[in-house]
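First up is the structure itself, then whatever we jot down about it.
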Amino acid sequence: MNKEVEERRTPCRAVITGYGSFAPEKKLTNEELAKMVDTSDEWITTRTGIKARHITSDNESTAFLATEAAKKALAEAKLDASEVELIIVATITPEMVFPSTASFVQRSLQAKKAWVFDLAAACSGFVYGLSIVQQFIESGRIKNALVIGAETLSKITNWKDRTSCILFGDGAGAVVIESKEDGRRGIIYSNMYSDGDCWEALNCQAHGSRHPSNRPLEDPKKIYMEIKGREVYQQAVRRIVEAVTECLEKCNLTMDDISMVISHQMNARIIESASKRLKIPEEKVFLNIAEYGNTSAASVPIAFNECARSGRIKHGDIIIFVAFGAGLTWGANVIEF
Ligand SMILES: CC(C)(COP(=O)(O)OP(=O)(O)OC[C@H]1O[C@@H](n2cnc3c(N)ncnc32)[C@H](O)[C@@H]1OP(=O)(O)O)[C@@H](O)C(=O)NCCC(=O)NCCS
């Protein structure tokens with residue numbers, strides 16, 4: 001491990017002790033989408049790798065999805081909700097403008113001891129959340145935390161815009177992180193980056209102070225998210241490569257030491273292209289985008305949960321989480337599982 005990284009570490013390790021995910025029952029397939037907009041299963045599959053996405057019903061909200069995922073993670077960790085000290089919900093589709101989605105999760109779980117907040121770093125939110133918790137645990141400030149990525153992107157999707165509506169889905173993933181002093185397991189290293197100059201590449205403008213609710217929108221479409229797909233594509237490949245390369249360098253690791261790279265699932269072609277540049281063998285790249293589409297902050301924890309539960313990774317493996325999204329934001333975590 002790089003000296004600078006080693007020197008900063010305390011005996012407290014931020015170890016993932018529980019994980020879980022939840023997706024709404026309703027699924028929307030490419031064939032069904034092709035009846036709504038001018039597209040086809042063939043176009044969506046070849047350009048993105050997506051075959052279907054889960055969509056919430058009218059009465060399913062972000063906090064509901066987050067709570068269901070959190071319950072599974074707490075059960076796996078055998079940690080009672082009353083013991084949780086911090087809850088972070090990474091989301092760009094919050095329950096309300098305020099209070100935070102995390103407040104509703106705290107209430108549903110009756111996690112009375114926790115302090116809670118939402119984290120708005122779009123698709124990088126979960127990776128940012130782990131990085132923040134790592135700092136609080138390594139400094140000894142907290143003993144445990146729940147980090148949840150939860151999204152109901154279908155609620156801000158323009159279902160008439162074929163360039164964006166094919167991409168997104170709903171879901172939630174959660175992890176319990178606990179402080180352990182007895183070994184090497186845990187988050188080894190995290191990086192986080194952003195570039196506000198490129199905010200226009202991905203955005204949803206309504207309901208903020210720039211377009212307040214008490215004034216009519218000059219463009220009604222601004223209640224939906226907008227993306228500049230091509231620009232995002234190029235930036236995503238570049239930033240994923242940079243974040244993973246920096247992780248390997250700082251931790252004195254090579255790709256041979258890594259068992260699995262779990263990327264934000266934004267487009268199978270973006271992940272494949274970045275993996276090729278990083279020379280990651282196919283079997284070390286986890287993909288579940290076909291079933292979920294892009295679920296933003298929920299994407300990495302949903303993928304991690306499936307990867308761990310299917311036995312594709314085992315304790316002692318070194319894995320990398322990497323994400324990229326609106327802001328722009330990007331970042332990665334190196335974890336000994
Ligand atoms: C959106 C994305 C799949 C588009 O793929 P692409 O290969 O870049 O396609 P383009 O946007 O250049 O469009 C190519 C053509 O397909 C058409 N097209 C766009 N969406 C289509 C759809 N759903 N079905 C059929 N045709 C479509 C375009 O109109 C264009 O037609 P034209 O050549 O006649 O103008 C891809 O750019 C992408 O995944 N970008 C990143 C996604 C993203 O932003 N994720 C969120 C952030 S993490």
Side-chain angles (χ1 to χ4, degrees), residues 28-53 90-93 120-128 149 151-171 173 192-196 198-205 221 224-244 261-275 287-290 292-303 321-332:
L28 180 66
T29 63
N30 289 351
E31 286 81 3
E32 288 166 311
L33 252 182
K35 291 182 193 145
M36 296 159 60
V37 286
D38 182 14
T39 191
S40 66
D41 172 49
E42 199 268 335
W43 194 96
I44 302 171
T45 306
T46 52
R47 303 279 175 134
T48 69
I50 300 167
K51 298 293 284 180
R53 64 290 289 145
T91 187
I92 46 166
T93 44
C123 308
S124 311
F126 180 77
V127 164
Y128 268 43
E151 302 284 10
T152 50
L153 295 168
S154 65
K155 296 184 197 279
I156 57 164
T157 296
N158 180 354
W159 292 105
K160 292 190 172 133
D161 173 15
R162 69 174 182 171
T163 65
S164 65
C165 76
I166 56 153
L167 296 170
F168 301 100
D170 301 338
M192 295 181 279
Y193 293 99
S194 48
D195 179 2
C198 300
W199 73 269
E200 276 179 292
L202 288 154
N203 65 70
C204 180
Q205 297 190 26
K221 288 205 287 300
Y224 303 118
M225 64 180 142
E226 296 176 316
I227 65 159
K228 293 186 179 155
R230 179 121 322 162
E231 190 179 321
V232 174
Y233 191 104
Q234 286 160 358
Q235 282 275 348
V237 174
R238 180 176 150 208
R239 300 309 191 179
I240 287 172
V241 171
E242 283 173 7
V244 172
V261 176
I262 300 176
S263 169
H264 165 47
Q265 309 280 308
M266 74 288 270
N267 178 327
R269 280 168 61 216
I270 292 178
I271 299 171
E272 280 155 13
S273 174
S275 305
L287 278 177
N288 67 352
I289 192 167
Y292 295 96
N294 178 345
T295 57
S296 188
S299 158
V300 170
I302 291 175
F321 293 163
V322 61
F324 168 91
L328 301 174
T329 56
W330 62 100

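For the numbers below, each heavy atom of this structure counts, side chains included, while hydrogens, waters and symmetry mates do not. These numbers were taken from a predicted model, which means no experiment stands behind them. The first residue of the sequence shown is numbered 1, and numbering continues consecutively from there. All ligand and atom numbering here is 1-based and tracks the order in the structure.
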Near N294 (heavy-atom distance under 4.0 Å), the atoms of ligand 1 are 45 (N), 46 (C), 48 (S)
Keeping the roles fixed (side chain from W159, backbone from S154), state whether a donor-acceptor pair exists under 3.5 Å. yes
Top protein contact for atom 24 (N) of ligand 1, by heavy-atom distance: T39 OG1, 2.7 Å
Which pair of heavy atoms, one from F324 and one from V232, lies closest together, and at what distance? CE2-CG1, 3.8 Å
Please could you name the atoms of ligand 1 that I166 approaches to less than 4.0 Å, counting only its heavy atoms? 23 (N)
With under 30° as parallel and over 60° as perpendicular, where do the rings of F321 and F126 fit, or are they tilted in between? tilted
Test of proximity, Y233 against ligand 1: N or O pairs below 3.5 Å: no
When distances are taken from atom 42 (C) of ligand 1, the protein heavy atom at minimum range is L167 CD1, 3.9 Å
Can you name the nearest heavy-atom pair linking G49 to A268, along with the distance? CA-CB, 4.0 Å
Among all the protein's heavy atoms, is there at least one whose distance to atom 39 (O) of ligand 1 comes out below 4.0 Å? yes
Nearest neighbour in protein (non-hydrogen) for atom 43 (C) of ligand 1: V232 CG1, 3.7 Å
If I compare all heavy atoms of V127 with all of G331, which pair ends up nearest, and what's the gap? CG1-C, 3.5 Å
Does atom 35 (O) of ligand 1 have a protein heavy-atom neighbour under 4.0 Å away? no
Could you pull out the closest heavy-atom pair between T329 and A121, with the gap in Å? OG1-O, 3.0 Å
Mark up the atoms of ligand 1 that fall under 4.0 Å of a heavy atom belonging to D38, in ascending order. 24 (N), 25 (C)
Verify atom 45 (N) of ligand 1: protein non-hydrogen atom under 4.0 angstrom away: yes
Please determine if M266 has a nitrogen or oxygen closer than 3.5 Å to a nitrogen or oxygen of ligand 1. no
Does any N or O in the side chain of E151 come within less than 3.5 Å of the main-chain N or O of A298, such that one atom is a donor and the other an acceptor? no
Can you report which non-hydrogen protein atom sits closest to atom 41 (C) of ligand 1, along with the distance? G229 O, 3.5 Å
With a 4.0 Å cut-off on heavy atoms, does I44 reach ligand 1? no
Nearest-contact summary for atom 30 (C) of ligand 1 - protein heavy atom, Å: R162 NH2, 4.9 Å
All pairs passing salt bridge (Lys or Arg N to Asp or Glu O under 4.0 Å) where residues 226-235 contributes a residue, at least two apart: none
Is the backbone of I166 close enough, under 3.5 Å, to the side chain of R53 for a donor and an acceptor to pair up by distance? yes
For V300 against V322, the heavy-atom pair lying closest together: CG2-O, 4.0 Å
Within the side chain of E31, is there an N or O that forms a donor-acceptor pair under 3.5 Å with the backbone of D41? no
With a cut-off of 4.0 Å, which atoms of ligand 1 are near a heavy atom of H264? 48 (S)
Quick test of your reading of the model: are E242 and R239 salt-bridged, counting only N-O distances below 4.0 Å? yes
When only distance counts, is S40 in polar contact with ligand 1, meaning an N/O pair under 3.5 Å? no
Within 4.0 Å of some non-hydrogen atom of F324, the atoms of ligand 1 are 48 (S)
Taking only heavy atoms of I227 into account, list the atoms of ligand 1 that are under 4.0 Å away from them. 44 (O)
Result for side-chain contact (heavy atoms from CB on, under 4.5 Å) between F168 and one of T93, I227, T295 points to I227
Is there a protein heavy atom less than 4.0 Å away from atom 19 (C) of ligand 1? yes
Looking only at protein heavy atoms, identify the closest one to atom 11 (O) of ligand 1 and say how far it is in Å. R230 NH2, 5.0 Å
Among non-hydrogen protein atoms, atom 4 (C) of ligand 1 lies closest to W43 CH2, 3.9 Å
Within the structure, does at least one protein heavy atom fall under 4.0 Å of atom 32 (P) of ligand 1? no
Can you find a protein heavy atom under 4.0 Å from atom 48 (S) of ligand 1? yes
Could you check whether T29 and E32, counting side-chain N and O atoms only, form a donor-acceptor pair closer than 3.5 Å? yes
Looking only at distance, does R47 have an N or O less than 3.5 Å from an N or O of ligand 1? yes
Contacting atoms of ligand 1, where contact means under 4.0 angstrom from a heavy atom of L202: 44 (O), 46 (C), 47 (C)
Residue, atom name and distance, where the atom is the protein heavy atom closest to atom 3 (C) of ligand 1: T48 CG2, 3.6 Å
Counting only N and O atoms by type, is there a donor-acceptor contact under 3.5 Å from the side chain of S40 to the main-chain atoms of W43? yes
